[in-house]
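Below you'll find the structure, written out as structure tokens, and then a few comments.
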Amino acid sequence: MNPLTETNSPMAGHLPKPEALEGQYAQRLTAHLSSGAQALPHDITERLRFSRERALASRRTAVALATAPAVVHAGRAAALGGPPALWLRLASALPLVVLVAGLVFIQHHHDLQQIEVAAEIDSALLADDLPPAAYGDPGFSEFLRNGDAL
Amino acid sequence: MASDKELSDCLKSVEKRAFKRTVYAVRDEDAALDIVQDAMIRLAEKYADRPAAELPLLFQRILSNATMDWFRRQKVRNAVLQNMSDFDADGSGDDFDLLESLETADGMLGAESAAETVSRSQILLLIEGQIGELPARQREAFLLRYWEELDTAETAAVMGCSEGSVKTHCSRAVHALAKALRSKGIVP
């Protein structure tokens with residue numbers, strides 16, 4: 001016979017609910033468990049303390065990593081005082097301008113050298129005893145190919 | 001966001017019960033310490049932005065998951081299937097009279113309490129032994145509901161089941177414990 005469900009029991013009208021009885025009984029058991037948990041060996045409590053401190057340290061690391069980009073960003077803004085000024089933009093483009101100017105100068109210098117070499121050849125031909133029109137003569141060309149001039 | 005002190009206080013308040021609860025589940029103190037540490041670090045790293053009030057429940061959920069992870073790793077390591085009958089509901093002991101046990105404990109029926117003849121530490125060992133013998137889900141529900149003092153909804157959230165299942169697990173656990181302890185002459 002289970003008094004929790006028996007309605008003919010003399011205590012039927014005053015019976016507590018089954019859940020309340022279970023809770024009451026469970027509280028007695030857990031009171032024992034709590035007393036046992038408070039009496040853990042020293043090495044166990046020390047390892048738990050170490051675990052707790054390690055968790056806190058890892059949390060500080062995680063928080064530091066999460067906030068690091070914001071700090072760098074703030075530092076940059078503070079250093080430049082807001083958007084870059086016009087002269088800073090121009091100054092940042094200066095190396096590129098110098099590079100382009102250098103390339104143009106080198107190209108121009110190279111062209112001048114080629115012109116000078118061509119002029120020297122032309123002047124040498126014109127100053128030679130042999131007239132330039134001789135190089136257009138087929139007989140003279142054949143003479144040069146056969147090496148008869150040597 | 002909880003401060004370092006709030007997190008530390010939270011962990012300090014639950015760490016001993018968490019350790020014992022894990023020992024009941026895995027039956028290995030070293031493994032239990034590792035699991036608790038793992039749960040603490042997970043809570044601290046991944047939920048650092050949560051308010052302090054949410055931390056205890058989060059920790060319980062993380063601890064349960066970490067314990068399950070440990071069992072999964074053990075299962076893989078040993079290549080042995082876990083006895084799933086451990087998760088099955090056992091008999092609820094309908095013929096057992098819980099009220100009688102409570103009345104005996106209160107001395108209402110005049111029976112002599114076993115606590116008078118057995119030392120407190122021995123009683124504790126017997127209780128812990130019987131809790132360790134409970135099916136895993138019943139033990140988890142019992143400890144969360146009555147030791148961690150979570151309400152039914154919170155316990156269900158941690159265990160990932162319905163509130164009705166929590167009530168069933170708790171009821172069966174209490175009846176099983178009462179019946180087993182009474183058979184050994186222990187009335188807490």
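Per chain, numbering begins at 1; letters A, B, ... match sequence-line order. What you see is a predicted model, and the numbers here were worked out from it, not measured in a lab.
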## Note on the structure
Nearest heavy-atom approach of A:Ala55 to B:Leu11 is CB-CD1, 4.3 Å
### Task
Enter the distance from A:Gln38:CD to B:Arg17:CZ here, rounded to the nearest 0.5 Å.
8.0 Å
#### Entry: Validation row: B:Ile131, A:Leu29 side chains within 4.5 angstrom (heavy atoms)
no
### Query
Is the shortest heavy-atom distance from the side chain of B:Phe19 to the side chain of A:Leu48 under 4.5 Å?
yes
### Message
Please classify the contact between A:Ser34 and chain B as side chain, backbone, both or neither, with a heavy-atom cut-off of under 4.5 Å.
### Response
both
### Task
Nearest 0.5 Å please: distance from the CZ atom of A:Arg52 over to the CG atom of B:Asp9.
8.5 Å
### Message
Can a side-chain donor-acceptor contact be found between B:His175 and A:Glu22 if the only test is distance below 3.5 angstrom?
### Response
yes
### Task
Indicate the atoms forming the closest heavy-atom contact of B:Asp34 with A:Arg47, along with that distance.
OD1-NH2, 3.8 Å
### Message
As an exercise: rank B:Lys167, B:Glu149, B:Glu15 by heavy-atom pairs under 4.5 Å with chain A and give me the winner.
### Response
B:Glu15
### Message
One pair to check against side-chain contact (heavy atoms from CB on, under 4.5 Å): B:Phe142 and A:Thr30. What are the steps and the verdict?
### Response
CA-CA 9 Å; B:Phe142 174 82; A:Thr30 54; 4.3 Å; yes
### Query
Taking all non-hydrogen atoms of both residues, which atom of A:Tyr25 and which atom of B:Leu177 are closest, and how far apart?
OH-O, 4.1 Å
## Note on the structure
Separation between CD1 (B:Ile41) and OG (A:Ser51), nearest 0.5 Å, reads 7.0 Å
### Query
Tell me, side chain or backbone of A:Leu33 under 4.5 Å from chain B's heavy atoms, or both, or neither?
both
